[in-house]
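Notes follow the structure.
Chain letters run A, B, ... following the sequence lines, proteins first, then strands; residues in each count from 1. Every heavy atom of this structure was used, including side-chain atoms; hydrogens, water molecules and symmetry mates were not. Being a predicted model, the structure only gives us computed values, none of them experimental.
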Amino acid sequence: MSEQTHQRLTPAPPSGQLIDSPRFPVAAKHELGNAQQRANLRHATHTIRDKRARVVGELDNWEQLRLAGEAIKNKVLRNLPDHLVRLEASLTANGATVHWARDAAEANRIVVGLVQATGSHEVVKVKSMATQEIELNEALEDAGIAAWETDLAELIVQLGHDRPSHILVPAIHRNRTEVRDIFREEMGRYGTPAPPDLDDNPANLANAARGHLRDKFMRAKVAVSGANFAIADTGSLVVVESEGNGRMCLTLPDTLISVVGVEKVLPSFDDLEVFLQLLPRSSTAERMNPYTSIWSGRREGDGPQDVHVVLLDNGRTRALADREGRQALRCIRCSACLNICPVFEKVGGHAYGSVYPGPIGAILNPQIRGTASEVDRSLPFASTLCGACGDVCPVRIPIPELLVHLRHEVVEAKKADHGVHLPHAEPLMMRSGGWVMGDHRRLEAAQRASTLGGGLLGRFTDHLGPLPWPLSAWTSARDVPTPPTETFREWWRRVRGDDPGPAASGDTPAGHTPEETR
Amino acid sequence: MSTPAGPPTAADAASTSLPGTGITVALFATCVNDTLFPGTPKAVVTVLERLGCRVVFPREQTCCGQMFTNTGYFDEALPSVRAYAKAFADYDYIVGPSGSCVGAVRDQHPMLARRTGDPGLVVASERVAARTLDLSEFLVDVLGVTDVGASFPHRVTYHPTCHSLRVTRVGDRPFRLLRAVRGLDLVDLPEAEQCCGFGGTFSLKNADVSVAMANDKADNVVSTGAEYVVAGDNSCLLNIGGVLARRRSSVTPIHLAEILASTEEAAS
Ligand code: SF4
C-alpha cells in the first residue's frame, strides 16, 4: 500500500488489511459501543426485512422458485469447468476477450494491464463485490489509476474513507446527516464539490451525487464492472441495479472490463427467468429491479468496443472441493441473510473483517480465504444458529448447517495446531464432557456435584481451571437460578422406582409402576 | 409451580376415553432439564399421564450432544449419539420438552452417525430420530388434542424459540395448546420470531452480542405486560430470565409443559 509517499488520487480507505482484523467477538464488542450505528442498523434492517416479507408473500410459487434456483446452481457447481469453457467460447465468439485469474493478485495485474494499455488514468466503476474482494481500487491507485465508485452507497463509503459494511447497502451504517457531512467535506477534493448549503434531504443528497459523478461519467474512457450472472449459451453478462449509474458505465466508455467470480455462470439464458424473480425480491424487496443490463460481447457502433471478462477463482475452487461447503457458492449476493440476521443487526458488517459480512460471510470467508487467520477462525461462531438466514435464502443455502460444518473444520484445525500453540482448555473440556455424556452413570455422578451447587456448566469450571470463554461472560449481565437440590432422575427413582431398562420392551406393560405418593 | 396430578386411575383406564390410553411414551428429559429444571419433565409426566399415556423414563439416556456438535466437536458428540440410540431403541414414541434437543436428535444424530461409517449406528440413529417428538407435536399430532385440561388464569406471552420454530418446526401447535388453557390470557410478543441471543456456547463466546440480543427480547417481553413468558425450551428461558432477573422484573419464565400441567385442583 502506498500511503505517504505520493499524493493519492482517490480517498484512502482505512489502513491495515482486512484479513488481519481482530477476532469477531473483539470487533463485535467494539461495534456494539457505537450507539448511532446500532440505531441506523436497526432501522434499516427492520425496514428491509418487513418489505421483503411482503413482496415474497405476494408470490404463491416462491418455494418452487427457490427450489429451481437451488437446482440450477447445483447443476452449475457439479460441472463448473464445462460451463466455464462454454462461457469462454461464446464470449469469445461475441468479440469479448476472456482472461482467467487464479487469485486476487493475478486479477488485479490483468485489470491494471488492460487499463494501462488504453492510456487512461482513471476508471468509473459499477458496484461490484468481486472487485471489492480483490481490492482492485487500491491496486489501481498503486498503478497511478483513479477508480471512481459510481453507486451512491459505494460513493459514500469511498468518500468517507471507509469500508463497505453490507453487500447491497455498503453504507447501511451511516445515516443521512453523516452522508451530508461526508459529501460537504470530501466531494470538492476529488471533483465537482457538493453545494455549500447541502442539507440532509435525501433528494438533495442524491442531486449532489449526480452532480459529482456527471463529469466523471462523461469523460470516462474505461469502466470496470462485475456481473450478477454470466450466461454460458449466449455469452452474455448481466448486471441488475437500481440507480442507472451502472447503465452509464456499461454504455458510455470505450473499454469495459468485467471481473466475474467463476460461480456466477448460468447454463442458459432461460435460467434468468428464475433468478430475475428471486434476486430483486430478496435484495431490495422490489418486484423488479429498475435497471437490468445485459450485454453480449462487442456490438459494432453500440457501447464499448473493447470488452474484457476476467474470470476469477480466488478460493472458489477450494470451496468447490468441499461437497458440503460448496453450497455457499450458490449465493447470489442478495443480502437477505444479512438483513434478517439478529447478530448482524447488532454489530454491522465491519466486525466480520471482510467485504462479505453477515451469515454468508461467516460461511464464505473461511472457505475462500481458509481458516488460518484469527478472524476467519472466529466467523463460523458468529451466529446463534437461529436459522433465520437459511429460511430467507433464495437459493436455499443451509447456512446454519454450514456454520456447524465449518465450526468442525476450525476445531480440527485448532487441534492440529496443538504442537504449535499453547494447549487450549476447550478441547479438553469438550472431551471430558463428551465422555460424561457417554454413560448415564457418569452423568449422574456429575449431577451429584451439580446439585451440591454450581449447576451443570459450573461443574466444568471446577475441574478444568481457566476457560477460553469464562463463565463470567454469562453472569456479567445475567442472573443464574440456584440449581435444584434434586435432579429429575433422582426424583423419578425416589417416587417411581427404577425404570424398566432397555431390556424390557416398551410395548408390553413390563414391570410395575409404583404409585407416586405425594 | 405445578403439582403432578398423578397417574391415571383404574376408572380412567376403564373408561378408555382418554386419548393416550394404550400408548407408551419414553420421556426424553434432556440433560439441561434433568439437572437444572426438573419441574419441566415432571410436568410432562403429569400431562401425559392425565391424557392416559404410560410414561417410562429410560435411565440410560444422557444428552442430545448439541453443545458438542454445535461447537464443532463432532467426535465428542458421539458418546451422546450412541447413548441416545441405545436408551430409546425400543420405544415407538420418544417425547421431549425441548424443540432444540429434539431438533438436534432429528437433524444432527444421523449426520454424526454417518461420519463414523458404522452402518448399525446409522440405522439406529435414524430410527430413534424419526420417533422423537417435541411435546407439542406429540400432543397435537399423535394424541390429537389441544385441550389438555389445563387451567392457568394468568396473562402470558409466548416466545417461539428459534429451534422450535426453524429446526423442529412445531409451527402453531404451542399456540393451539395455549389457547385451550382455561383462564389463560395470551398476548402477542412483539418481534416474537427474533432470536433471544442464547445460541448455546454463543452466549459465552460472543457474550456481548448475546446480552444485547437478550436485552431486546426482555424489552419486548416486558412491553406486553405479561406475568409469564412461556417457551418450549428452558435454555432460552434461562437466557431471557437471566436478564429479566437482573432487572428485578416481575415477569416469570415458564416452560410450556408446566402451564399445560397446571389445573384448577393443583392451583387450589
Ligand atoms: S447466502 Fe443466500 S440470502 Fe445470503 S446473500 Fe447469498 S443468496 Fe442471499
Side-chain angles (χ1 to χ4, degrees), chain A residues 24-25 28-29 32 342-343 346-347 381-388 390-391 404 407-408 410-411 430-431 433-435 437-440 443 447 450 455-456 469 471 473-474 476-481 483-484 486-489 491-492 496 498-502 505-507 509 513 515-516 518, chain B residues 4 6-7 24 26 29 31-36 38 41-42 54 56-63 65 68-74 76-77 79-80 82-83 86-87 89-92 162 166-167 194-195 197-199 201-209 211-214 239 242-243 245-246:
Chain A
F24 181 83
K29 184 170 187 168
L32 275 172
V343 175
K346 284 279 163 279
V347 303
F381 297 90
S383 163
T384 61
L385 304 178
C386 83
D391 275 11
V404 171
R407 287 177 184 191
H408 175 62
V410 169
V411 164
M430 290 292 173
R431 202 183 317 146
W435 176 80
M437 294 305 183
D439 188 313
H440 66 103
L443 173 60
Q447 283 175 330
S450 159
L456 180 66
W469 24 269
L471 285 171
W474 179 280
S476 67
R478 290 169 286 213
D479 284 359
V480 182
E486 185 182 50
T487 66
F488 174 75
R489 61 178 73 222
W491 172 82
W492 181 275
R496 298 283 169 112
D498 225 341
D499 193 74
S505 159
D507 294 320
T513 309
E515 289 290 303
E516 178 186 352
R518 296 212 107 192
Chain B
T24 297
C31 70
V32 167
N33 286 325
D34 181 7
T35 313
L36 295 178
K42 283 184 207 171
R54 173 174 172 263
V56 295
F57 177 74
R59 62 172 308 154
E60 287 196 318
Q61 66 181 282
T62 57
C63 166
F68 309 106
T69 317
N70 286 347
T71 314
Y73 290 81
F74 288 4
E76 289 76 358
S80 300
R82 289 207 170 87
K86 191 162 169 234
D90 293 331
Y91 299 98
D92 291 335
C162 299
R166 288 180 283 259
V167 179
Q194 180 115 333
C195 178
F198 175 62
T201 50
F202 177 88
S203 63
L204 304 169
K205 283 178 186 281
N206 281 287
D208 299 293
V209 185
V211 167
M213 291 165 69
N239 189 42
V243 167
R246 182 60 56 95

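In terms of modelled atom types and a separation under 3.5 Å, the side chain of Asn206(B) and the main chain of Phe381(A) share a donor-acceptor contact. The backbone N or O of Phe488(A) sits less than 3.5 Å from a side-chain atom of Asp34(B), completing a donor-acceptor pair. Formation of a donor-acceptor pair under 3.5 Å by the Thr62(B) side chain with backbone atoms of Met437(A) is found in this model. For the pair His440(A) (side chain) and Arg59(B) (backbone), a donor-acceptor distance under 3.5 Å is present.
Contacts between Leu385(A) and chain B at a heavy-atom distance below 4.5 Å involve backbone atoms as well as side-chain atoms. Only the side chain of Gln194(B) comes within less than 4.5 Å of a heavy atom of chain A; its backbone N, CA, C and O stay farther away. If you measure heavy-atom distances from Ala26(B) to chain A, you find no contacts under 4.5 Å at all. In this structure, the portions of Val404(A) lying under 4.5 Å from any heavy atom of chain B include both its backbone and its side chain. Proximity to chain A (any heavy atom under 4.5 Å) is shown, for Ala77(B), by neither the backbone nor the side chain.
When all heavy atoms of Cys195(B) and Pro342(A) are compared, the closest pair comes out as CB-CG, 4.0 Å.
Taking 4.5 Å as the limit, every side-chain heavy atom of Phe57(B) sits out of range of all side-chain heavy atoms of Arg496(A).
The distance from atom CG of Leu443(A) to atom OG1 of Thr35(B), rounded to the nearest 0.5 Å, is 5.5 Å. Interatomic distance, CZ of Arg407(A) versus CZ of Phe74(B), reported as 10.0 Å (0.5 Å rounding). The CG atom of Asp391(A) sits 10.5 Å away from the SG atom of Cys162(B) when rounded to the nearest 0.5 Å.
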Given the rule in the side chain to side chain contact (heavy atoms under 4.5 Å, CB included) test, do Arg246(B) and Arg478(A) qualify, once you have shown the distances and angles that lead to the verdict? CA-CA 6 Å; Arg246(B) 182 60 56 95; Arg478(A) 290 169 286 213; 5.7 Å; no

Apply side chain to side chain contact (heavy atoms under 4.5 Å, CB included) to the pair Thr71(B) and Val411(A), showing each step before the final yes or no.
CA-CA 8 Å; Thr71(B) 314; Val411(A) 164; 5.7 Å; no

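With chain B as the partner, the residue from Gly387(A), Ala382(A), Pro25(A), Cys386(A) showing the most heavy-atom pairs under 4.5 Å is Cys386(A). With respect to chain A, the highest number of heavy-atom pairs below 4.5 Å among Met213(B), Glu76(B), Arg166(B) belongs to Arg166(B).
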